[in-house]
2 protein chains.
Amino acid sequence: MPSNRQEVENNVKKQEIRDSARQMFLAFGYEKTSLAKIAKHAGVTANTIYWYFKSKEELFASVVEEIIQAFLTAFKTRKSESLRDNILWVISVLEVSRAFIVTIHEKSRTSQVIADVHQSFHDSLAEISEAYLLEKEMKPTEIKPYITLVGFVIEGILMHELDEKEKNDIVSLLEV
Amino acid sequence: MPSNRQEVENNVKKQEIRDSARQMFLAFGYEKTSLAKIAKHAGVTANTIYWYFKSKEELFASVVEEIIQAFLTAFKTRKSESLRDNILWVISVLEVSRAFIVTIHEKSRTSQVIADVHQSFHDSLAEISEAYLLEKEMKPTEIKPYITLVGFVIEGILMHELDEKEKNDIVSLLEV
DNA sequence: ACCTGAACACCGTTCAAGT
DNA sequence: ACCTGAACACCGTTCAAGT
């Protein structure tokens with residue numbers, strides 16, 4: 001609970017900037033979205049963004065973090081379906097954010113903030129999947145590489161644009 | 001065979017720029033490598049690059065094309081080993097160019113030249129692998145999705161930095 | 001044909017100054 | 001506390017001018 005009205009307003013403005021950033025980044029990509037563009041869309045001046053975020057990269061990291069949180073919440077509350085359905089569900093949920101996947105990997109090499117957000121995403125996903133696969137009685141030693149492999153395939157499917165048939169055929173190959 | 005000395009000189013200078021570009025792109029990444037930096041390293045002025053290449057993106061595409069050609073030549077003349085060895089060989093050869101993989105995917109979304117180079121790489125690889133897997137008597141309908149899956153796993157391994165054990169464990173899961 | 005100096009519009013970021 | 005105008009150094013790219 002915010003302690004006063006001021007704080008609400010602050011968070012609202014910050015969220016508006018984040019929302020504008022998410023939309024512009026998704027529409028035009030990270031490099032082709034200038035801070036001026038985001039600021040205009042959010043109804044502020046470019047340098048106002050620096051009051052709320054330390055840099056363009058931190059703004060991007062903040063956007064990504066929000067998306068990952070929403071994804072993890074949805075993932076945790078989802079009841080266990082077949083492995084195949086779970087994988088297809090993850091792909092469908094992340095599909096709208098597809099444009100971010102490449103940028104996250106690109107920026108992870110030079111930005112600590114984004115590398116951290118990226119890493120914590122993979123960790124959370126692995127933790128949840130591990131419990132699931134143990135339930136399904138997969139051999140413990142096979143679980144870790146298998147989770148990594150599934151992650152790579154999901155990323156691959158999201159990064160390259162495959163049609164439904166190609167997508168289904170590949171996911172079928174992952175059946176244990 | 002070049003028709004005269006002039007042409008040799010031309011190609012030499014162009015190659016020098018390409019070489020400088022490759023080294024700088026690999027060392028600092030695409031975005032953090034300015035044309036001024038490349039030009040200085042090659043001993044020319046920034047705008048001289050525009051005599052040989054239409055844009056920074058075309059220069060990058062040219063560098064990538066050269067790497068892909070070298071890779072495909074090596075791949076074609078290599079004699080068939082086990083599938084596992086072939087996959088590990090591809091990974092080891094591409095490892096030095098790892099930094100490019102992400103950038104290629106990023107730029108493929110907005111640059112036609114790079115998308116074309118990227119696509120022709122996947123096509124060549126699929127074509128070669130298909131012949132190989134037919135020899136090994138894999139079912140024709142399974143070949144295409146399998147090749148795509150292997151490609152995604154190779155890209156995944158290259159994009160994330162895995163140690164030898166993780167790498168081997170994942171490649172083992174690809175055994176047919 | 002090949003190369004340059006100077007300029008263009010734009011970029012992320014900083015900061016002193018305002019409220 | 002929050003926001004801005006003006007400036008900074010830098011960017012990819014263009015082009016008239018040189019050889």
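Letters A, B, ... are given to chains in the order of the sequence lines, protein chains preceding strands, and every chain is numbered from 1. The figures that follow rest on heavy atoms only: side chains count, while hydrogens, waters and symmetry mates do not. Remember, predicted model here, so these are calculated numbers, not experimental data.
Residues passing the side chain to side chain contact (heavy atoms under 4.5 Å, CB included) test with A:Lys76 are A:Ile128, sequence neighbours excluded. By the side chain to side chain contact (heavy atoms under 4.5 Å, CB included) test, B:Tyr50 pairs with B:Leu35, sequence neighbours left out. Residues forming a side chain to side chain contact (heavy atoms under 4.5 Å, CB included) with B:Ala61 (at least two apart in sequence, or on another chain): B:Val113, B:Ile114. In this structure A:Phe121 satisfies the ring pair (Phe, Tyr, Trp, His ring centres under 6.0 Å) test together with A:Phe71, sequence neighbours excluded. Contacts of B:Phe28 classified as ring pair (Phe, Tyr, Trp, His ring centres under 6.0 Å), with partners at least two apart in sequence or in another chain: none. For B:Glu166, the salt bridge (Lys or Arg N to Asp or Glu O under 4.0 Å) partners are A:Lys144, not counting sequence neighbours. In this view, B:Phe53 satisfies the ring pair (Phe, Tyr, Trp, His ring centres under 6.0 Å) rule with no residue, not counting sequence neighbours. A search for side chain to side chain contact (heavy atoms under 4.5 Å, CB included) contacts involving A:Asp116 returns A:Gln112, not counting sequence neighbours.
If you measure from atom CG of B:Leu59 to atom P of D:dG12, you get 11 Å, rounded to the nearest angstrom. Taking atom CZ of A:Phe53 as the reference point, atom C1' of D:dC2 lies 15 Å away to the nearest angstrom. As rounded to whole Å, 16 Å separates atom C1' of C:dG12 from atom CZ of A:Phe60. Between the CD1 atom of A:Ile49 and the P atom of D:dT4 there is a distance of 11 Å, given to the nearest Å. Nucleotide C:dC2 holds its P atom 9 Å from the CG atom of B:Asn11, rounded to whole Å.
Note on B:Thr48: a side-chain N or O is less than 4.0 Å away from OP1 or OP2 of C:dT4. Not one side-chain nitrogen or oxygen of B:Lys13 sits closer than 4.0 Å to the OP1 or OP2 atom of C:dA1. The side chain of B:Trp51 contributes no N or O atom lying less than 4.0 Å from OP1 or OP2 of C:dC3.
Pairs passing the ring pair (Phe, Tyr, Trp, His ring centres under 6.0 Å) check and including a residue from residues 150-176 of chain B, sequence neighbours excluded, read A:His105-B:His160, A:His118-B:His160, A:His122-B:His160, A:Phe152-B:His160, A:His160-B:Phe152.
Between B:Ser82 and B:Asn86 there is no side-chain heavy-atom pair separated by less than 4.5 Å.
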Dot-bracket for DNA chain D, please, read 5' to 3', with Watson-Crick or G-U wobble pairs under 3.5 Å on both distances, ( ) within the strand, [ ] crossing, | other strand, . unpaired. ||.|||||...|||||.||

Base contacts versus sugar-phosphate-only contacts with protein, heavy atoms under 4.0 Å: please encode nucleotides 13-19 of chain C as B, S and - from 5' to 3'. BBB----

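Here C:dC3 is the nucleotide among D:dG5, D:dA1, C:dC3 with the atom lying nearest to any side-chain atom of B:Tyr52.
Within residues 18-34 of chain B, the residues having any heavy atom under 4.0 Å from DNA chain D are, by residue number, B:Thr33, B:Ser34.
To the nearest 0.5 Å, atoms CG (A:Leu83) and CG (A:Leu133) are separated by 6.5 Å.
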